[in-house]
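Structure first, then comments.
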Amino acid sequence: MVMPILRALSRRQFVVGASACGSAAALALSKGGVASAAIVGDEPSWTLDSPMVTLKDAGQTPGILVGCAVDAARLRDTPDYAALVRSQANIIVGDNAFKFGTLRPTIRAFDFRDADTVADFAHSNGMKLRGHTLVWHKQMPAWFDQHVTAANAAAVLTSHIAAVCDRYAGQIHSWDVVNEAVEVNDGRPDSLRNTPWLQLLGPGYIDTAFQSARKADPRALLFYNEYGLEGEDAGSAAKRAAVLGMLRDLLKRGVPVDGVGIQSHIMAGHTYGAGLREFIQSAHQMGLRVMLTELDVNDRELALTTSYRDSAVATTYDRYLRVALADGYVSGVITWGITDRLTWLDKDKDAARIDGAAQRPLPFDAQFSPKPAFVAQRRALKQAPTVVPVLKRRTQLLVETASAE
Ligand code: XIL
């Protein structure tokens, strides 16, 4: 079988570098005035050499799992898409297949069709599988508000987790048990987001979720997954501190958390640096695994020129990954999709471009041809230091660190 990447190359070879990037005039005026001038003029050249080397190959040198979120329906009906995922990924995650709303059309019924598609695809191709996500305030089923009360919420939560984790037990590398539970602007001293689960069960819903998942599938690694941890701005710094505080408290209480997922929905042209690196170091020191779980690069602040956007997006991949992978503490890099044809950014009104043009946030374009972002990601993976084994958790140290603060 012809590899998709080779087929793509025979159609279009690319060399994109400083010459193709345009000038500072190509910059769009961004909302917050966040200029991407820093990335103009000093871009490396993103030449696609050695086209047969895939993203997952590149990750093998440092020992990093590499993969993407997948669309279950497209895996079923678009063979070229399935082939592209197969060629690039050794770990996959359903983009929507394992969410509460997808799995639970009614309070009693389960619909495992999409989740089974994703799990079977991972299994038949020897890939690892992530489960995303057991507890989240979004994409909840329509019946939730009507049927779930303070009296039955704990049972709904634990029975959902038990049923879903049990069905896929032994097949899951890692579960995003709880997604996006921190929101510093919701005004609570503990910085927890004011979600339906919090309102019904109090902060203990997080403990309950991890404990239920551990019980149902003791072999899966259990992750807390979060966005907005990446930037150098004050908001990101506050969120990082809040998430680390929450994780430390969970571990002190003996809640079975194995890792933290940094979603990594990042912005083309923005700077990522010490704050992100220190967060990863702190998580590692706590004995947690760290994965980049939903990486993509939003180009909504850039002018429309395709070559300019592709180069800027690639540069952002390069710089972000070099920071995140610098210490060898990140053991997986997962993009939220593999092809621009299926990016969520165009569907989300806060993320989409104002001019309505399609975003170009992923390593392959809408026709499945590799882009400069592919070259950048592959090179950053290949050059990353070897992954460091996770530290044995020392609960006592955590207690001491916390009381010294
Ligand atoms: C997105 C899906 O990709 C879209 O198809 C869906 O319409 C909305 O959700 N953070 C997450 C993911 O944790 O679950 C989201 O996935 C993207 C943002």
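Atoms within a ligand are numbered from 1 in the order they appear, just like the ligands themselves.
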[X] N/O to ligand 1 N/O under 3.5 Å:
{"X": "His132", "value": "yes"}
{"X": "Glu294", "value": "yes"}
{"X": "Trp344", "value": "no"}

- Message: Let me confirm one number: the CZ-CD distance from Phe279 to Glu230, rounded to the nearest 0.5 Å.
- Response: 9.0 Å
- Note on the structure: If we number the atoms of ligand 1 from 1 as shown, the ones under 4.0 Å from a heavy atom of His265 are 10 (N), 18 (C)
- Against heavy atoms of Gln263, which atoms of ligand 1 measure under 4.0 Å? 10 (N), 13 (O)
How far is [atom] from the closest protein heavy atom, and which atom is that?
{"atom": "atom 3 (O) of ligand 1", "value": "Trp336 NE1, 2.9 Å"}
{"atom": "atom 8 (C) of ligand 1", "value": "Gln139 OE1, 3.3 Å"}
{"atom": "atom 2 (C) of ligand 1", "value": "Asn96 OD1, 3.5 Å"}

- In short, Leu362 meets Thr339 closest at the heavy-atom pair CD1-O, 3.4 Å
- Message: If you compare all heavy atoms of Glu294 against all heavy atoms of His265, which two are closest, and at what distance to 0.1 Å?
- Response: OE1-NE2, 2.6 Å
Tell me which part of [X] gets within contact of ligand 1: side chain, backbone, both or neither, using heavy atoms under 4.0 Å.
{"X": "Asn179", "result": "side chain"}
{"X": "Tyr227", "result": "neither"}
{"X": "Lys138", "result": "neither"}

- Minimum non-hydrogen distance to atom 15 (C) of ligand 1, winning option of Glu180, Lys347, Lys99: Lys99
If you measure from the Lys or Arg side-chain nitrogens to the Asp or Glu carboxylate oxygens, is any gap between [X] and [Y] under 4.0 Å?
{"X": "Arg322", "Y": "Asp318", "answer": "yes"}
{"X": "Arg300", "Y": "Asp350", "answer": "no"}
{"X": "Arg76", "Y": "Asp114", "answer": "yes"}

- Task: Output, in order, the C-alpha distance, side-chain angles, deciding distance and verdict of side chain to side chain donor-acceptor pair (under 3.5 Å) for Asp340 and Gln359.
- Result: CA-CA 7 Å; Asp340 294 342; Gln359 293 252 6; over 6 Å; no
- Task: Could you tell me whether Phe144 and Trp197 have their ring centroids closer than 6.0 angstrom?
- Result: yes
